[in-house]
Amino acid sequence: MQPQMHYATWAEVDLGAIAGNVRFFRKTTQRAVMAVVKANAYGHGAAPVARAALEAGASWLAVARAGEALELREAGLAAPILILGYTSPARWMELIRAGVSLTVWSEAQIVEMAAAGRQAGKPAHLHLKVDTGMSRLGTEPEQAPLLAEKIRKLEGVLFEGIFTHFARADEADPAPTDAQSTRFRKVVEALEHAGMRPPWVHASNSAGTLRRPEAWYDLVRVGIAMYGLEPSRACPLPETIRPALAWKSSLAMVKTLPPGRGISYGHVYTTTRDERIGTIPVGYADGFRRIEGNVVLVRGRRVPVIGRVTMDQIMVQLDGVPEAQVGDVVVLIGRQQEECISAEEVAERWGTINYEVTSGLAARVPRLYIGP
Ligand SMILES: *Cc1c(COP(=O)(O)O)cnc(C)c1O
């Protein structure tokens, strides 16, 4: 199929790259891999990515919201799923029944979840979150053994796991992560001494997985790197990791305009001579940021986006590609011939990080899957 004949703009997701990246982390860590597929798999499409990751050897899935977990169950995925953060109590029963593991960090939550588990006729599988320095969610490390004991005592809950999350594992300076890692290790050792160690101890996000073997424990929670995207500029990826996502569109119109023509809203760009201008059907409602200085690829060459980005369309200056024609595929993220625009490059232009670029890809952009 030629996508440009069906869609104005679309994303191509290479499931072979996802699978290869998962296999890389399985092999290098020799630990269970939890594929983090929250936020629609960072924009890549939750169910297809989850399926590819599981087939490649991942054994857990992680999401952020109740709806994301249930969507995976509805897609027929039976693997263990952990909701990494807050879940509204109104959703506990259906999640427990669906066999979705939940994160807790307070005694009140544990007591209420036990009641929900008893009512569901099935114990709630709990992962205790410990705040070792992210200061987002989690119990203080000193409280963790008490909460673990509480979970173990109560009927209706099962102590399945304990985890923490690194705030700075992607930075050059290892000291802040050393401190977090040590705090967490002490908690795990205290549980071991008390005979309360749960089956799943975990700490590492992608950066931790790449850099902190001492924090691999029983499983690694790999998000950004599974998509072939680097955790940060200071935390590059090994060469074998490949990006999975490309974002494309095509030229809808190509014309030569005389000097003095204002282009797009506000006429912030005006032609100064005869100029070749192309119109591309992608805009900020697709997730293409409304800023100056965007660049896209046409026929393997970089061309500047000119004038304002509109809701559904952008214009480009095609003087550098005189042979450009209506119907030519345009690459917003990805490779075309010898040129490549990475999600990281786009993130730099947009003043953000690659995570926000791909997870900001709008729902109306169809995802097409290639690979295994
Ligand atoms: C999102 C998230 C991850 C994955 O982080 P990456 O940097 O994308 O690997 C892991 N653990 C928790 C708790 C998260 O919220």
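For the single chain, residues carry numbers from 1 onward in sequence order. Every number for a ligand or one of its atoms is a count from 1 in the order of the listing. Because only heavy atoms are used, hydrogens play no part in the values below, and waters and symmetry mates are left out as well, while side chains stay in.
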Could you identify the single nearest non-hydrogen protein atom to [atom] and state the distance to 0.1 Å?
atom	result
atom 8 (O) of ligand 1	Tyr42 OH, 2.5 Å
atom 9 (O) of ligand 1	Ser206 OG, 2.5 Å
atom 13 (C) of ligand 1	His165 ND1, 3.6 Å
atom 7 (O) of ligand 1	Tyr355 OH, 2.6 Å

Matching residue for Arg197 among Glu189, Glu160, Glu192 - test: salt bridge (charged side-chain N to carboxylate O under 4.0 Å, His left out):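 Answer after filtering Glu189, Glu160, Glu192: Glu192.
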
Option passing salt bridge (charged side-chain N to carboxylate O under 4.0 Å, His left out) with Glu12 (candidates Arg335, Lys248, Arg367): Lys248

Nearest heavy atoms of Val130 and Ala144, plus distance in Å: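 Between these two residues, the closest heavy atoms are CG2-CB, 4.2 Å.
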
Region of Arg136 engaging ligand 1 - heavy atom pairs below 4.0 Å: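 Answer for Arg136: side chain.
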
Part of Ile224 with heavy atoms under 4.0 Å of ligand 1, whether side chain, backbone, both or neither: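 Both backbone and side chain.
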
Proximity winner for atom 14 (C) of ligand 1, if only heavy atoms of Lys38, Arg221, Met134 are counted: Lys38

Plane angle bin for Tyr217 and Phe184 - parallel if under 30°, tilted between 30 and 60°, otherwise perpendicular: perpendicular

Residues, nucleotides or ligands: over 12 heavy atoms within 6.0 Å of Glu155 CD: no

Working for salt bridge (Lys or Arg N to Asp or Glu O under 4.0 Å), residues Glu149 and Arg152: CA-CA 5 Å; Glu149 216 180 324; Arg152 284 165 52 90; over 6 Å; no

Close N or O approach (Gly223, ligand 1; < 3.5 Å):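 Min N/O separation from ligand 1 is below 3.5 Å for Gly223.
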
